[in-house]
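Report on one structure; see the data block that follows.
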Number of protein chains: 2
Amino acid sequence: MKPSVITIEPNGHFCSDCAVRASAVCSSLDPAELREFEHLGRRVHFSSGETVFSEEDITTSFYNVLEGVMRLYKLLPDGRRQIVGFALPGDFLGMNLSGRHNFSADAIGAVTVCQFAKAPFGRFIEDRPQLLRRINELAIRELGQARDHMVLLGRRSADEKLAAFLLGWRERLLALKAPSDTVPLPMSRQDIADYLGLTIETVSRTFTKLERHGAIEIIHGGISLLDPARVEALAAA
Amino acid sequence: MKPSVITIEPNGHFCSDCAVRASAVCSSLDPAELREFEHLGRRVHFSSGETVFSEEDITTSFYNVLEGVMRLYKLLPDGRRQIVGFALPGDFLGMNLSGRHNFSADAIGAVTVCQFAKAPFGRFIEDRPQLLRRINELAIRELGQARDHMVLLGRRSADEKLAAFLLGWRERLLALKAPSDTVPLPMSRQDIADYLGLTIETVSRTFTKLERHGAIEIIHGGISLLDPARVEALAAA
DNA sequence: AAACGCGATTGACCCAGATCAATTTTGACC
DNA sequence: GGTCAAAATTGATCTGGGTCAATCGCGTTT
């Protein structure tokens, strides 16, 4: 889909009111710094399915996710896709060494990001090591998640993959909303399959199987964890 | 295997002569800083198969690999293993958020590391943002490698996995030694299998198949790339 | 040099998950 | 509310890679 931007609101907001103020990279900035920081970023909206950046693109911006969900993925030349993660509010995107994004990012549903041009952001960070430290923390956290995901991809069965995915996703949403046994799944079955290294049919069948066994209920736009303990047992296996 | 240390040489070396001086975290330090840094680390040797640290251990040290190869892995409760990477000279280990290593590390063959106690290293880094920046670079590089590996684990066939592994391993060794079509493989077949999400039998059969097709030759302690172009074609697929 | 042990290879068979092929359900738009 | 198109489900069948089981090669020990 084309990367047409729906709305741009330069300076139309305040960092101090920002939903991700406490969790994003900005949590490392004091109020004075925040006021300066405010001028560097602009809110940009993307609608469902739009591509925020592509794998082969030269990196010109960093992004702070404010609202919505994004899929982060890599494609093989023949079209096979691996989703390497889902980005949620508070996530920071765009760090790399090569000068290119090494994965692509699409909006799943409506997404708002705070976009920073690379150069001014780089200058701002220069004399603020605590911001660098925060970015480093986020990178290290992601690295840990990436390693966990390698275990899932390399060594777990389809049932275990699905169960671990549901629990992991619920866990991540915990930071954003009240805990609940109803787990919204804004991404498609194909997205889930490409995240777990499965096919869409296997994802569908496995959901149905879990439902037949009374572990979950498939509801509109997500699933309900009827028997969390059973799902946890499956995921741990 | 027990973590018995073979040799300890406190201060028995100089950073300025260090083999990894130019590539490791220390490349961000100037000569004066390096002399101070020298007092923080101590060389520690491990022999083949010894565990340097374990997944569940509280992190008390950071490690800079000086010589040798290590396998970094995670275990599932039932014993399934996923190797999340191999560490080579210049690699930096021990960064984490939780206060615990989130993977285990064993020596493959003899290994020498430069070990830093967590607290003094943390203090040293405090007012040296360029060291922090260097650590961040290494973390981002690893994150990119981790994402590539997810694609391999989730979406590639056994043939592609092996071919990509051989080329990737050769590529990494390029930074350490002269380029060559002879690729040493210090790790066991089981290690390769656990890195690629395969079984030892499939690794063995796939090597044999590549050899029958004239793409590689299996030699003692490694393989020889007879037809690198063909292996590249397989890996790209 | 015989015996041992362990990693690697090879063969026979099997099965989890892929592939192929219909439906069925959902949702968006006149 | 009827018409499509896309997403999801379900069924039938196939297969890549796993499992189980020898066997081989080779360095080590006695």
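In what follows, every chain begins at residue 1, and chains take the letters A, B, ... in the order their sequences are listed.
Taking the six-membered ring where the residue is Trp, the centroids of A:Tyr195 and A:Tyr73 are separated by 6.0 Å or more.
The residue from B:Phe53, B:Phe92, B:Phe116 that alone fulfils the ring-ring contact (aromatic ring centres under 6.0 Å, His included) condition with B:Tyr63 is B:Phe53. Evaluated for a side-chain contact (heavy atoms from CB on, under 4.5 Å) with B:Cys114, the options B:Leu66, B:Val65, B:Val20, B:Val44 yield exactly one hit, B:Leu66.
Going from atom CD of B:Glu160 over to atom C1' of D:dG16 covers 12 Å, rounded to whole Å. Between A:Ile219 atom CD1 and C:dT26 atom C1' there is a gap of 16 Å when expressed in whole angstrom units. Atom P of nucleotide D:dG17 and atom CD1 of B:Ile200 are separated by 17 Å, given to the nearest angstrom. Distance B:Leu162 CG to C:dA8 P: 13 Å, rounded to the nearest Å. Nucleotide C:dT19 holds its C1' atom 15 Å from the CZ atom of A:Arg80, rounded to whole Å. Between the CG atom of B:Asp159 and the P atom of D:dG17 there is a distance of 7 Å, given to the nearest Å. Whole-Å rounding puts the A:Glu201 CD to C:dA22 P distance at 14 Å. Look at CD1 on B:Ile218: it is 12 Å from C1' on C:dT10, rounded to the nearest Å.
When heavy atoms are screened at a 4.0 angstrom cut-off, B:Ser188 is found touching the sugar-phosphate backbone but no base atom.
Of the two residues near DNA chain C, A:Arg156 and B:Phe207, the one whose nearest nucleotide lies more 5' is B:Phe207. Each of B:Val203 and A:Gly197 was matched to the nucleotide of DNA chain C holding its nearest heavy atom; the match closer to the 5' end belongs to B:Val203. Comparing A:Arg155 and A:Thr202 by the nucleotide of DNA chain D whose heavy atom lies nearest to each, the residue mapping closer to the 5' end is A:Thr202.
In this structure, B:Glu55 contributes its side chain and B:His101 its backbone to no donor-acceptor pair below 3.5 Å.
The base of D:dG11 lies close enough to the side chain of A:Arg205 for a donor and an acceptor atom to sit less than 3.5 Å apart. Residue side chain A:Arg189 does not reach the base of D:dT10 through any donor-acceptor N/O pair under 3.5 Å, judged by distance alone. Contact of B:Gln190 with C:dC6 (side chain to base): no donor-acceptor pair of N or O atoms is detected under 3.5 Å.
Closest to the B:Thr199 side chain, of the nucleotides D:dT19, C:dT9, D:dA8, is D:dT19.
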**OP:** Check the pair A:Phe165 / A:Val203 against side-chain contact (heavy atoms from CB on, under 4.5 Å), numbers first and verdict last.
**Re:** CA-CA 11 Å; A:Phe165 166 66; A:Val203 170; over 6 Å; no

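Of the side-chain N and O atoms in A:His220, one or more sit less than 4.0 angstrom from OP1 or OP2 of C:dG27.
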